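See structure below.
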Amino acid sequence: MKSEVEVLIYSILSAIPRGRVTSYGQVAAFAKLPRSARLIGRVLRHLPPETTLPWHRVLRADGKIAFPPDSHNYRRQKRLLEREGVEVSRGKVDLRIFGWQGS
DNA sequence: GGGCTGACTTTTC
DNA sequence: AGAAAAGCCAGCC
């Protein structure tokens, strides 16, 4: 049974275009849930591994991947990002590609 | 119910 | 630039 916020977050995620990224806090703010960045992470956590949602386009506010660099998830996210042309150097992406919808 | 935990963020050293 | 600290908010014992 999916809650309202889950569905809302899903729709926001799917709206992030290829080659762009955003942060947990940004998604939260966009969902009208300020101060709830951790909520986003919690929702993504329960996402099935075979999801088609672009969860990998969500990074921390400083542009770094939210996983420890030696973890499996870290490598998976990095691979997915680079597959769509996003450069990840030293665990970080260029902050200029943050945000979406114009700007 | 109270305390702990974390796919977070911001401020302060 | 990197680390520590404090804020934040739900879910889970």
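Predicted model, so just to flag it, every value in this text is computed and none were measured. Throughout, a chain's letter reflects where its sequence line sits, starting with A, and its residues are numbered from 1.
Within the 4.5 Å cutoff, side-chain heavy atoms of A/R83 are placed close to those of A/L80. Looking only at side-chain heavy atoms (C-beta outward), A/D62 and A/K92 stay at 4.5 Å or farther from each other.
Legend: residues meeting salt bridge (Lys or Arg N to Asp or Glu O under 4.0 Å) with A/R18, ordered by chain and number and at least two apart, are absent. Under the salt bridge (Lys or Arg N to Asp or Glu O under 4.0 Å) criterion, A/E84 pairs with A/R57, not counting sequence neighbours.
Residues from residues 49-82 of chain A placing a heavy atom under 4.0 Å of any atom in DNA chain C do not occur.
The separation between A/F30 atom CZ and B/dC8 atom P is 21 Å, rounded to whole Å. Between A/L44 atom CG and B/dG6 atom P there is a gap of 17 Å when expressed in whole angstrom units.
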Distances under 3.5 Å only, N/O to N/O: pair up the protein atoms with those of nucleotides 3-5 of chain B.
none

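Smallest separation of non-hydrogen atoms from A/Y24 and A/A66: OH-CB, 3.5 Å. Between A/T22 and A/I16, the shortest heavy-atom distance links the atoms CG2-CD1, 3.5 Å. Of all heavy-atom pairs between A/W100 and A/I12, the closest is CZ2-CG2, 3.9 Å.
With values rounded to the nearest 0.5 angstrom, A/L44 atom CG is found 11.5 Å from A/H56 atom NE2. To the nearest 0.5 Å, atom CD1 of residue A/I40 and atom CD of residue A/E6 are 11.0 Å apart. Distance CD1/A/I97 to CD/A/E87: 9.5 Å, rounded to 0.5 Å.
Both A/V21 and A/L95 sit in one connected hydrophobic cluster of ILVMFWY residues. Membership requires side-chain heavy atoms under 4.5 Å apart, directly or through other members.
Relative ring orientation between A/F67 and A/W55 is described as perpendicular, the plane-to-plane angle rising above 60° on a 0-90° scale split at 30° and 60°.
Helical stems involving DNA chain C, defined as 3 or more consecutive Watson-Crick or G-U pairs under 3.5 Å, span B:2-6 with C:9-13, B:8-13 with C:2-7.
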Subject >> Candidate pair A/N73 and A/Q77, rule side-chain contact (heavy atoms from CB on, under 4.5 Å), full reasoning >> reply: CA-CA 6 Å; A/N73 276 333; A/Q77 183 165 16; over 6 Å; no
**OP:** Summarise protein proximity over nucleotides 3-9 of chain C in one line of letters, 5' to 3': B for base, S for sugar-phosphate only, - for none, counting protein heavy atoms closer than 4.0 Å.
**Re:** ----BBB
